[in-house]
Amino acid sequence: MPQITVTVDGNTATTEGTIIRDVIKNKRVVAARVNGDLVDLSAPLSDGQAIETIDLDSDEGVHIIRHSTSHVMAEAVKLLFPDARPTIGPSTEDGFYYDFDRAETFSSEDLEKIEKKMEELVSQDLPFIRKEMTSQDAISFFREKGEPYKVEIISDLGDDLGTVSLYEQGTFVDLCRGPHVPSTGYLKAFKLLSVAGAYWRGDEKNKMLQRIYGTAFSSPKALKQYLNFLEEARKRDHRKLGRELELFMQSDDIGPGMIVYMPKGGRLRTLIEDFEKKIHFKRGYDIVYGPSILRGKLWETSGHMDNYKENMYFTEVDGQLYGIKPMNCLSHILIYKSKVRSYRDLPLRYFELGNVTRHEKSGVIHGLMRTRQFTQDDAHIFCRPDQLIDEITAIINLVEEVMAIFNFEYEMEISTRPAKSIGSDEDWEMATKALMDSLEKKGLPFEINEGDGAFYGPKIDVKIKDAIGRSWQCATIQCDFSLPERFDTHYVGADGGKHRPVMLHRVILGSIERFIGVLIEHFAGAFPVWISPVQAVIMCITDAQAGYAEQVADELRKNDVRVELDVRNEKIGYKIREARLQKVPYMIVIGDKEMGDQTITVRERSGEQETMTLAEFTAIVKNAEPVI
RNA sequence: GCCAGCGUAGCUCAGUGGUAGAGCAGCUGAUUCGUAAUCAGCAGGUCAAGGGUUCAACCCCCUUCGCUGGCUCCA
């Protein structure tokens with residue numbers, strides 16, 4: 001055998017072997033990277049090759065484990081339910097899924113059976129074997145096996161591919177690019193989680209398949225950690241906390257997708273809205289208000305009738321059609337048009353905490369995150385084309401600033417022209433470029449979301465995550481050349497001629513409802529002091545101090561500290577327990593000592609406490625306000 | 001809208017054909033107590049709604065409404 005010399009993670013190694021596994025004996029290695037491509041450990045070795053190992057705990061390693069687990073699940077499903085037709089089964093950010101077409105539905109007992117079968121397959125330590133075939137051979141192979149979905153996938157890959165790769169383990173063969181772990185024995189920690197419907201190829205016109213979700217990790221310990229995380233996340237669910245903390249409610253009597261703010265939620269919302277008004281005034285926005293219903297004709301002019309009708313509600317007033325607003329832009333455009341604008345007036349920035357109503361499909365409604373009526377911190381900026389980049393940059397700065405105040409991490413995306421849209425190609429291109437340039441100028445990373453823009457223009461979306469990692473769009477910045485055109489909006493330029501302004505639609509928090517939902521989950525209900533509906537609960541040890549406790553409450557209220565008084569005939573431990581469950585930031589304990597010294601003992605969420613004067617405590621609370 | 005699961009007291013949940021049960025919360029009384037639950041008593045439900053099967057339905061069947069997890073769509 002000839003000697004082969006390769007480098008493994010930069011170290012030179014020699015072998016007489018023929019495949020990568022011959023030089024890598026480490027059981028923690030699940031795959032390798034050669035020339036930038038991920039390959040199996042069974043891939044051939046060649047002299048002088050540089051090999052990078054993929055550890056089972058690395059991001060890529062975990063993805064490979066999950067992907068291999070999905071194959072094992074598919075094998076288990078085929079063995080138990082031979083009528084199930086496998087379709088696709090990728091790894092995901094926190095697990096994997098596999099979609100099957102089957103007449104019968106999978107029950108939770110079926111999942112248990114499948115999981116058992118998977119364990120059997122793992123204990124057999126079946127090797128994953130890669131095979132290559134021409135597309136034609138692969139098509140006839142899957143056709144013979146009665147797997148039409150695989151045939152469709154290969155056919156759609158096109159003829160230029162030549163060969164495709166298949167992976168076989170045990171009795172199961174799947175079309176797959178790989179790589180996979182060397183054998184099923186590597187899969188030591190997995191769990192099936194749920195069944196859900198999913199359209200074939202993600203298109204609602206196609207057949208609905210059954211998707212089995214599962215997750216897998218490199219070790220049982222890591223799996224357990226993840227399952228713990230899920231359990232903890234459920235405790236942070238904003239719907240649960242919203243009820244427990246008496247922030248908001250929903251009611252069957254009112255209807256789905258509608259939110260009722262209870263006193264504490266109302267206070268939280270007011271605090272956020274006051275913050276928003278302040279921050280917008282300071283940045284040169286004007287606050288305006290528009291009506292909720294506007295004539296049908298206006299929605300025709302705007303293009304909503306053609307592009308957004310199915311999401312709108314309509315009503316009739318004195319025999320005339322009115323549309324209930326799903327967006328706030330129209331009133332703002334009319335304000336702009338209410339008089340002749342000079343180039344010197346621009347930019348004009350109209351801000352509205354606008355309550356909008358949209359007909360969302362019944363299945364998508366979700367607590368505060370997705371409602372049928374919500375309030376946007378909406379603004380429309382009318383500017384000259386030469387001001388566009390500066391305005392977009394200022395908005396991005398505002399987003400960064402606000403997200404930092406709330407301590408949120410976020411991701412940005414640019415969405416381009418959708419199929420159903422208005423406006424010229426040139427305008428779309430110009431607008432998309434303006435958005436990209438602004439982000440690039442600031443050096444911010446972003447993803448491109450093809451065809452996901454609003455019907456009137458492209459947009460930058462800012463997404464933040466909820467307790468279990470689902471992304472929700474908050475801020476969005478949309479560039480619009482179309483509505484100014486449709487409403488024949490203009491300003492008088494330095495040359496005395498008419499010019500078309502550009503319009504920016506933008507929200508920072510997005511929907512106040514959604515934002516509060518994410519806020520609740522982010523802080524697990526333990527809000528920062530400045531937005532806590534109740535900042536302190538004042539509690540006396542016995543009735544003897546009730547009078548002093550009331551004085552303390554009055555004094556703090558006078559100083560704008562949001563307090564509640566607990567003078568019930570209960571033990572202090574009971575009162576503290578309740579205040580803790582309500583996630584109140586400060587507990588003020590008053591006994592004979594405090595009453596004698598005219599002080600208060602302030603206990604924090606952490607359990608630490610300190611005795612101080614009322615003035616000292618007021619200063620602490622005031623200092624918690626963000627500087628804006 | 002689609003697929004699946006679910007809907008019992010304010011909340012969390014028992015109850016698989018013989019007309020409903022617990023804990024917490026609530027109310028009343030006793031207790032006046034220094035850092036996550038003091039004790040006792042009382043009250044609370046057309047079992048989501050409508051229809052059907054049955055001598056009898058919370059339980060089985062159908063329809064509708066709502067909720068949950070996904071898919072599609074979106075702030």
Side-chain angles (χ1 to χ4, degrees), chain A residues 97 99 105-108 110 193-213 234 237 239-240 243-244 246 249-257 308 310-311 326-328 354 356 358-378 415 418 452 454 459 461-464 468 470-476 478 505-515 517-518 539-546 567-581 587-594 601 603 607-609:
Chain A
Y97 64 80
D99 289 348
T105 59
F106 290 112
S107 67
S108 44
D110 291 340
L193 298 171
S194 60
V195 193
Y199 298 108
W200 167 234
R201 299 203 148 174
D203 189 334
E204 66 180 322
K205 289 184 196 78
N206 289 343
K207 182 163 189 184
M208 181 152 279
L209 310 168
Q210 294 185 71
R211 174 170 298 178
I212 302 180
Y213 278 97
R234 270 190 277 276
D237 190 309
R239 293 162 299 187
K240 180 175 155 70
R243 188 172 50 237
E244 289 171 359
E246 294 178 17
M249 59 176 279
Q250 292 181 272
S251 159
D252 287 4
D253 296 328
I254 292 170
Y308 207 74
E310 55 280 15
N311 287 299
M327 298 181 191
N328 302 300
V356 296
R358 300 181 182 176
H359 177 73
E360 299 294 341
K361 289 179 181 175
S362 60
V364 305
I365 288 167
H366 181 90
L368 291 176
M369 304 299 198
R370 192 84 180 264
T371 60
R372 283 186 171 153
Q373 200 168 72
F374 57 99
T375 302
Q376 292 181 305
D377 60 335
D378 204 2
S415 296
D452 217 25
K459 55 182 188 165
D461 287 332
V462 178
K463 300 196 167 178
I464 54 185
I468 60 171
R470 286 180 292 213
S471 276
W472 296 96
Q473 184 179 313
C474 284
T476 176
Q478 311 179 344
H505 308 239
R506 47 108 285 183
V507 291
I508 304 298
L509 304 184
S511 136
I512 304 293
E513 281 71 11
R514 176 178 291 181
F515 185 77
V518 178
M539 43 188 87
C540 50
I541 303 283
T542 71
D543 287 351
Q545 304 92 30
V567 291
R568 292 174 302 172
N569 176 12
E570 293 290 354
K571 290 186 178 177
I572 195 69
Y574 184 86
K575 296 180 184 181
I576 284 175
R577 176 184 148 82
E578 257 186 26
R580 291 209 59 141
L581 291 173
M587 281 150 266
I588 294 177
V589 177
I590 290 176
D592 283 337
K593 253 185 294 171
E594 288 80 3
T601 293
R603 182 192 155 119
E608 277 178 48
Q609 57 181 23

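Convention: sequence-line order gives letters A, B, ...; per-chain numbering from 1. No experiment lies behind these values; they were computed from the predicted model shown.
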*Verify the contact: side-chain N or O of A:Tyr574 to OP1 or OP2 of B:A25, cut-off strictly under 4.0 Å; return yes or no.*
yes
*Do any side-chain nitrogens or oxygens of A:Arg243 fall under 4.0 Å of OP1 or OP2 in B:U12?*
yes
Distance in angstrom units between [X] [atom1] and [N] [atom2], rounded:
| X | N | atom1 | atom2 | result |
| --- | --- | --- | --- | --- |
| A:Asp99 | B:C3 | CG | P | 16 Å |
| A:Lys240 | B:C24 | NZ | P | 17 Å |
| A:Ile541 | B:U35 | CD1 | C1' | 7 Å |
| A:Lys207 | B:G1 | NZ | P | 22 Å |
| A:Glu570 | B:A40 | CD | C1' | 14 Å |
| A:Arg201 | B:C2 | CZ | C1' | 19 Å |
| A:Ile254 | B:C65 | CD1 | C1' | 15 Å |
| A:Leu581 | B:A36 | CG | C1' | 7 Å |

Report yes if the side chains of [X] and [Y] come closer than 4.5 Å at any heavy-atom pair, otherwise no.
| X | Y | value |
| --- | --- | --- |
| A:His505 | A:Lys459 | no |
| A:Pro326 | A:Asn311 | no |
| A:Met249 | A:Arg243 | no |
| A:Met539 | A:Glu578 | no |
| A:Ile572 | A:Val589 | yes |
| A:Arg358 | A:Phe374 | yes |
| A:Ile541 | A:Asp592 | no |
| A:Thr375 | A:Glu513 | yes |

Sticking with atom [atom1], work out how far [N] lies from [M], rounded to a whole angstrom.
| N | M | atom1 | result |
| --- | --- | --- | --- |
| B:U53 | B:G44 | C1' | 33 Å |
| B:U46 | B:A20 | P | 13 Å |
| B:A56 | B:A40 | C1' | 40 Å |
| B:C42 | B:A25 | C1' | 15 Å |
| B:A37 | B:C24 | C1' | 10 Å |
| B:C59 | B:G50 | P | 12 Å |
| B:A75 | B:U19 | C1' | 49 Å |
| B:G51 | B:A57 | P | 13 Å |

_First of A:Arg603 and A:Thr105 reached from the 5' end of RNA chain B, by closest nucleotide_ = A:Thr105
How would you label the contact of [X] with the nucleic acid (heavy atoms, under 4.0 Å): base, sugar-phosphate, or nothing?
| X | value |
| --- | --- |
| A:Gly573 | sugar-phosphate |
| A:Asp543 | base |
| A:Gln609 | base |
| A:Glu246 | nothing |
| A:Lys593 | base |

*Indicate for each nucleotide in nucleotides 68-75 of chain B, in 5' to 3' sequence, whether protein heavy atoms under 4.0 Å reach the base (B), only the sugar-phosphate (S), or nothing (-).*
SBBBBBBB
_Check: A:Thr601/A:Glu594 side-chain N/O donor and acceptor closer than 3.5 Å_ =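 A pair is found: one side chain offers a donor N or O, the other an acceptor, under 3.5 Å apart.
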*How far apart are the closest heavy atoms of A:Arg234 and A:Lys240, and which atoms are they?*
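In terms of heavy atoms, the two residues are closest at O-CD, 3.6 Å.
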*What are the two closest heavy atoms between A:Ala475 and A:Ile508, and how far apart are they?*
CB-O, 3.1 Å
*Taking a pair as Watson-Crick (N1 to N3 plus N6-O4 or O6-N4) or G-U wobble (N1-O2 and O6-N3), both under 3.5 Å, which stems of 3 or more consecutive pairs involve RNA chain B?*
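Listed by first number, the stems are B:1-7 with B:65-71, B:10-13 with B:21-24, B:26-30 with B:38-42, B:48-52 with B:60-64.
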